[in-house]
Structure formats: structure tokens, C-alpha cells
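Below, read A as the first sequence line, B as the second, and so on, with proteins coming before strands; counting in each chain starts at 1.
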There are 2 protein chains.
Amino acid sequence: MDLDEVIKALAHPVRRDILQWLKAPEKHFADQEHPLEVGVCAGKFARCGLSQSTVSTHLAVLARADLVTTRRIGQWVFYKRNEETIAEFLRQIGHEL
Amino acid sequence: MDLDEVIKALAHPVRRDILQWLKAPEKHFADQEHPLEVGVCAGKFARCGLSQSTVSTHLAVLARADLVTTRRIGQWVFYKRNEETIAEFLRQIGHEL
DNA sequence: TTTGCGTATCGAAATATTGCGATCTATAGT
DNA sequence: ACTATAGATCGCAATATTTCGATACGCAAA
């Protein structure tokens with residue numbers, strides 16, 4: 001886990017929102033036609049009001065920091081929280097701070 | 001506590017270093033002529049290799065985020081960790097994330 | 001294979017952050 | 001009042017981040 005990468009990824013409200021939405025997909029993405037178990041479809045995050053390309057960039061930052069995992073199914077890409085990295089971040093930041 | 005302000009303040013390695021140094025002043029600033037109880041003198045942070053003005057700016061960012069407290073004594077300004085904000089940040093980030 | 005849909009990437013503009021030297025302010029000592 | 005020291009602030013350059021539209025790519029269906 002790259003602490004610097006993770007903190008910088010978290011230093012943006014939209015990316016924190018995305019992680020929070022992914023915490024309870026059934027609450028925030030109940031309208032998804034695909035099963036939520038595989039993750040949340042990238043396009044669903046348009047709710048933040050940003051353009052498709054911007055949302056994609058934010059998702060890429062989260063993925064680079066390993067805060068989310070991605071899985072491509074057909075033409076869609078599904079995103080899921082990576083609880084391992086999140087837990088390790090909380091542990092490490094609690095230790096370092 | 002302004003979570004956004006705090007996270008952005010923490011999103012820089014030098015500022016995290018400063019907070020860590022302040023965790024054990026007797027370990028990192030044993031050479032200080034003033035008693036460490038009042039805090040660590042601003043000038044002591046020059047150890048990070050940055051200029052005086054840059055260090056001062058970093059300290060200001062930490063102070064604005066309420067991660068440190070400042071106390072002026074004569075011509076010196078002493079910095080101390082604000083354990084309350086730090087603890088609240090860890091609580092909140094653990095809850096939000 | 002052409003068309004369409006979902007997503008990623010590119011290039012560029014706007015904005016924010018980082019860093020420095022110079023300068024200003026505040027305090028202390030002479 | 002003058003000088004020195006500590007620290008903050010200003011102005012500016014360099015770099016990074018954010019955002020967008022346009023375009024490229026991957027996949028599926030017609």
C-alpha cells in the first residue's frame with residue numbers, strides 16, 4: 001500500500017463520495033440492471049454531475065491507489081471497494097499520525 | 001473539524017513528517033534550548049531541507065487545518081500537535097471510509 | 001462489417017499547489 | 001532609535017490537479 005498515493009486519492013471530495021456510495025451499493029445504485037455483486041457500473045457515477053471523462057479519471061485514480069478493484073464484463077466495467085487497502089490505510093494512518 | 005481541509009493538509013509528505021516529529025519532540029528536537037513543553041520552535045523544522053518561507057507555509061497549512069496549535073513567546077513561535085483534531089480526524093475518516 | 005454503446009485516453013485550458021527569494025512585521029537587545 | 005533575529009507574507013515561476021470535449025478502443029448486436 002502506497003500511503004502517499006492513497007492519501008492523495010482521498011484528498012478529493014468526489015473520490016471520497018464514490019467510495020462512500022460503493023459502501024452501500026444497494027442503497028445508491030438500486031436501479032442497476034446488472035447484479036450489484038460484481039460491482040457498480042462506471043457509468044453510474046455520473047450522478048456527481050461531472051462529465052464521463054472526468055468520472056473515468058477519478059475512478060482511475062482510485063484504482064491506481066488500489067482503493068477499488070475493477071472487473072470488465074462485456075462492454076461494462078464494474079467497480080468495487082477494496083476493503084483490504086482501505087483497512088490497511090486506516091491502520092497505517094492511525095499508526096503514523 | 002473540516003475533513004476536507006485536514007485531508008488536504010495531510011496529503012503532503014513534509015507535513016506528515018512534521019506531525020510525526022512533533023509526536024516525540026524529545027527524540028527529534030533534543031537540541032532545543034527552550035523547554036519542549038511549550039512546543040517546537042518553527043525554525044527547527046528547517047531539517048526537511050526546504051527554505052524558511054516554504055516551511056512557514058507548510059506550518060500555516062497545518063495550523064489552518066487545526067492539526068497544530070501555535071504559541072508565540074517573545075520572538076519565537078512554538079508548534080504543538082493538536083491531538084484533539086487528529087483524534088477526531090481518525091474517528092471521522094474511519095467512519096466515512 | 002458496420003453500427004452503437006460503454007469506457008478510457010488524449011490534448012488543452014483553468015485552477016491549485018509547491019517552492020523560492022525578497023520583503024515585511026514583531027520582538028529583543030544595545 | 002538602531003540593529004539583529006525569528007517568522008510570516010508577497011510576488012512569481014514551476015509543477016500538479018481538475019475538468020472538459022474529442023477521439024480512440026473494446027465489445028456486442030444487427
Closest nucleotide of DNA chain D for S56(B) versus for A11(A): which of these residues is on the 5' side? S56(B)

Under 4.0 angstrom, heavy atoms only, what part of the nucleic acid is Y79(A) near: base, sugar-phosphate, or nothing? sugar-phosphate

Please report, rounded to the nearest Å, how far the P atom of dT25(C) is from the CD atom of Q52(B). 15 Å

Quick one: name the residues clustered hydrophobically with V61(B), using the 4.5 Å side-chain heavy-atom rule over I, L, V, M, F, W, Y, and just say none if it's on its own. none

More than 12 heavy atoms from other groups under 6.0 Å of CZ on R64(A): no

In whole Å, what is the span from the CD1 atom of I7(B) to the P atom of dT17(C)? 14 Å

Once you round it to whole Å, what is the distance between P of dA16(D) and NZ of K8(B)? 18 Å

Nearest-angstrom distance from the residue atom CD of Q75(B) to P of dA28(C): 7 Å

Would you indicate which nucleotide in dA22(D), dG7(D), dC20(C) comes nearest to any side-chain atom of A42(B)? dG7(D)

Are I7(A) and I93(A) side-chain neighbours, meaning at least one heavy-atom pair lies under 4.5 Å? yes

Rounded to the Å, how far apart are W76(B) CH2 and dA28(C) P? 8 Å

When you get a sec, tell me which of dT7(C), dC20(D), dA8(D) is the closest nucleotide to the side chain of S51(A)? dC20(D)

Residues F29(B), Y79(B); criterion ring pair (Phe, Tyr, Trp, His ring centres under 6.0 Å); working and verdict: CA-CA 12 Å; F29(B) 307 98; Y79(B) 287 83; over 10 Å; no

Compare the minimum distances between each of dG6(C), dG19(C), dT9(C) and the side chain of T54(B), then state the nucleotide with the smallest one. dG19(C)

Between the side-chain atoms of S53(A) and the base atoms of dG21(D), is any donor-acceptor pair under 3.5 Å? yes

It should be established whether H58(A) places a side-chain nitrogen or oxygen under 4.0 Å from OP1 or OP2 of nucleotide dT19(D). yes

Closest-nucleotide ordering on DNA chain C, the 5'-leading residue of R72(A) and T57(A): R72(A)

Taken to the nearest whole Å, CG/L10(A) to P/dT18(D) is 12 Å

Under 4.0 Å between a side-chain N/O of H12(B) and OP1 or OP2 of dG19(C), yes or no? yes

Is any side-chain N of the basic residue among K44(B) and D31(B) closer than 4.0 Å to the acidic one's carboxylate O? yes

L50(B) CG - dT15(D) C1' separation (whole Å): 15 Å

How long is the line joining CG of L59(B) and C1' of dA8(D), in whole Å? 11 Å

